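Note that this is a predicted model, so its numbers are computed, not measured. In what follows, every heavy atom counts, from backbone to side chain, and hydrogens, waters and symmetry copies are set aside.
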Amino acid sequence: MNSQNGFLLSFIKYGENDAVLHCFTEEEGFQTYFLKGIYSKKNKKKAFLQPLNKLNFFINPVKSGGLCSVSKFELIKNNDVYTDIKANTVIFFISDFLNQVLKYENKNLSIFFSIERFIEELMGKNYQSHLLFLLSLLKIQGVAPLVGEGKFLDPETGTFSAGMTHQLFNEEISLIWKQALSTDNMYTIKIHSAARKDFLDSLLVYYHYHITDFKVPASLEVIQQIFE
């Protein structure tokens with residue numbers, strides 16, 4: 001039996017009492033676990049199943065061709081944001097996003113600790129933290145744009161050019177990308193509330209070009225409505 005710390009990305013009820021969990025763990029990256037009995041009436045730990053909660057799992061040895069099963073798990077840190085509708089919406093959006101883009105990711109401590117840092121920023125009511133986190137994720141994965149002298153970011157090539165190549169990447173949005181990529185701490189960058197929707201849309205376009213099989217998360221519409 002081994003122990004794993006991980007962030008819960010998604011969970012699906014399986015049968016009457018069980019669940020399948022998708023997690024991003026510190027030591028093994030993206031993992032799928034089978035959790036028996038979590039929805040039984042006597043189990044009080046179902047409340048721990050909240051997106052991006054940090055959990056410690058005790059994993060049974062995997063049987064041939066089967067899923068790893070959880071013998072027990074404990075809450076390391078919950079995200080005390082569920083009474084804050086904006087932060088709650090951001091948590092659901094990012095967990096939805098990560099569940100898609102990290103599904104082939106192996107151990108990556110930079111990603112693991114960047115998730116932790118993002119949650120800390122959000123807990124401090126930084127309501128633009130999800131935007132900068134998604135940009136930092138591109139940087140960690142080695143597909144972020146190369147900063148150059150041009151005023152306009154070309155999302156397809158990942159370079160800055162003298163002329164606009166995509167309608168979303170105007171001078172204002174391109175400047176936010178350039179400023180964020182040029183600083184050691186992206187979370188110090190301030191994005192005006194009026195520009196946040198367009199900046200998020202620009203991130204999604206860039207992910208389409210540079211992340212294989214990327215699909216827009218289903219929760220996008222909700223987060224856009226909350227921040228209008």
Side-chain angles (χ1 to χ4, degrees), residues 52 86-87 89-105 108 110-228:
L52 293 188
K86 284 188 176 181
T89 303
V90 167
I91 285 283
F92 274 87
F93 174 71
I94 291 296
S95 63
D96 191 10
F97 201 102
L98 294 178
N99 192 47
Q100 181 194 157
V101 301
L102 297 182
K103 60 187 173 184
Y104 302 118
E105 192 74 37
N108 190 319
S110 294
I111 291 177
F112 186 85
F113 292 119
S114 74
I115 296 172
E116 204 159 56
R117 174 68 191 283
F118 152 69
I119 293 170
E120 288 171 0
E121 289 288 333
L122 184 60
M123 299 271 280
K125 298 190 182 300
N126 181 351
Y127 294 125
Q128 61 178 21
S129 58
H130 59 297
L131 304 173
L132 297 162
F133 169 68
L134 293 180
L135 183 48
S136 71
L137 195 59
L138 291 171
K139 203 169 183 180
I140 292 169
Q141 293 183 310
V143 293
L146 298 172
V147 175
E149 293 182 1
K151 291 185 176 180
F152 301 94
L153 176 58
D154 181 336
E156 187 171 3
T157 63
T159 57
F160 286 84
S161 59
M164 197 162 88
T165 61
H166 191 286
Q167 61 184 9
L168 272 174
F169 290 79
N170 57 26
E171 191 169 343
E172 179 187 14
I173 295 300
S174 297
L175 180 60
I176 296 169
W177 279 79
K178 184 177 285 190
Q179 288 174 336
L181 291 165
S182 302
T183 182
D184 290 332
N185 181 9
M186 286 190 185
Y187 292 108
T188 61
I189 299 297
K190 301 300 180 187
I191 304 172
H192 192 277
S193 58
R196 290 177 189 174
K197 181 183 183 299
D198 285 346
F199 185 66
L200 176 56
D201 287 342
S202 76
L203 282 162
L204 297 175
V205 168
Y206 196 91
Y207 268 85
H208 268 296
Y209 278 120
H210 297 277
I211 302 296
T212 305
D213 298 328
F214 177 76
K215 294 184 179 69
V216 173
S219 52
L220 174 65
E221 186 177 349
V222 178
I223 199 169
Q224 287 178 332
Q225 288 175 350
I226 290 295
F227 284 94
E228 278 182 353

**Message:** Using a 3.5 Å distance criterion without hydrogens, assess whether the side chain of Ser174 forms a donor-acceptor pair with backbone atoms of Phe152.
**Reply:** no
**Message:** side-chain contact (heavy atoms from CB on, under 4.5 Å), that's the test. Do Asn185 and Arg117 meet it? Break it down for me.
**Reply:** CA-CA 11 Å; Asn185 181 9; Arg117 174 68 191 283; 3.2 Å; yes
**Asked** Step by step, would you call Leu135 with Tyr206 a side-chain contact (heavy atoms from CB on, under 4.5 Å)?
**Response** CA-CA 10 Å; Leu135 183 48; Tyr206 196 91; over 6 Å; no
**Prompt:** Do Lys190 and Gln128 come close enough that some side-chain heavy atom pair is under 4.5 Å?
**Reply:** yes
**Asked** If we only count heavy atoms from C-beta on, is the His210 to Gln141 side-chain gap below 4.5 Å?
**Response** no
**Request:** Would you please classify the geometry between the Tyr207 ring and the Phe214 ring as parallel, tilted or perpendicular, with 30° and 60° separating the classes?
**Result:** tilted
**From Phe113 atom CZ to Glu120 atom CD, the distance as rounded to the nearest 0.5 Å** = 11.0 Å
**Fill in**
Note: Leu204 and Pro217 closest approach over all heavy atoms is CD2-CD, 4.5 Å
**Prompt:** Once you round to the nearest 0.5 Å, how far does CG of Asn108 lie from OG of Ser114?
**Reply:** 8.0 Å
**Asked** Would you say the side-chain atoms of Lys139 pair up with the backbone N or O of Leu181, donor to acceptor, closer than 3.5 Å?
**Response** yes
**Item:** Reference residue Phe97; test side-chain contact (heavy atoms from CB on, under 4.5 Å); the match among Val216, Leu134, Ile223
**Value:** Leu134
**Message:** Between Gln100 (side chain only) and Lys215 (backbone N and O only), is there a donor and an acceptor less than 3.5 Å apart?
**Reply:** yes
**Message:** With heavy-atom distances below 4.5 Å as the criterion, would you say the side chains of Ile211 and Val143 are in contact?
**Reply:** yes
**Request:** Starting from the C-alpha separation in whole Å, work towards a yes-or-no answer on side-chain contact (heavy atoms from CB on, under 4.5 Å) for Leu220 and Leu200.
**Result:** CA-CA 10 Å; Leu220 174 65; Leu200 176 56; 3.8 Å; yes
**Any donor-acceptor N/O pair, Lys125 side chain to Ala87 backbone, under 3.5 Å** = no
**Prompt:** Would you say the side chain of Phe133 lies within less than 4.5 Å of the side chain of Leu98, judging by non-hydrogen atoms?
**Reply:** yes
**Prompt:** Do Glu156 and Thr165 come within less than 4.5 Å of each other through their side chains, counting heavy atoms only?
**Reply:** no
**Request:** Heavy atoms only: give me the nearest Leu52-Ile119 pair and the separation to one decimal.
**Result:** O-CD1, 3.7 Å
**Message:** Are Gln179 and Thr188 packed together at the side-chain level, in the sense that at least one heavy-atom pair is separated by less than 4.5 angstrom?
**Reply:** no
**Request:** Work out which heavy atom in Lys86 is nearest to a heavy atom in Tyr127; give both atom names and the distance.
**Result:** CB-CE2, 3.8 Å
**Prompt:** Given the rule in the side-chain contact (heavy atoms from CB on, under 4.5 Å) test, do Leu203 and Trp177 qualify, once you have shown the distances and angles that lead to the verdict?
**Reply:** CA-CA 9 Å; Leu203 282 162; Trp177 279 79; 3.7 Å; yes
**Prompt:** Closest heavy-atom contact between Lys178 and Gly150?
**Reply:** NZ-O, 2.6 Å
**Message:** With a 3.5 Å distance limit and no angle check, can you tell me whether Ser95 reaches the backbone of Phe92 through a side-chain donor-acceptor pair?
**Reply:** yes
**Rounded distance (nearest 0.5 Å) linking atom CG of Leu131 with atom CD1 of Ile176** = 9.0 Å
**Item:** Stepwise side-chain hydrogen bond (donor to acceptor under 3.5 Å, both in side chains) test for Ser161 and Asp154
**Value:** CA-CA 7 Å; Ser161 59; Asp154 181 336; 5.3 Å; no
**Prompt:** So, do Thr212 and Tyr104 sit near enough that their side-chain heavy atoms are less than 4.5 Å apart?
**Reply:** no
**Request:** State, yes or no, whether a side-chain contact exists between Phe118 and Val90 at a heavy-atom distance under 4.5 Å.
**Result:** yes
**Message:** Distance check, rounded to the nearest 0.5 Å: Lys151 atom NZ versus Asn170 atom CG?
**Reply:** 12.5 Å
**Item:** Reported CD1-to-CG distance for the pair Ile191 and Asp198, which is rounded to 0.5 angstrom
**Value:** 11.5 Å
**Separation between CG of Leu132 and OG1 of Thr183, rounded to the nearest 0.5 Å** = 10.0 Å
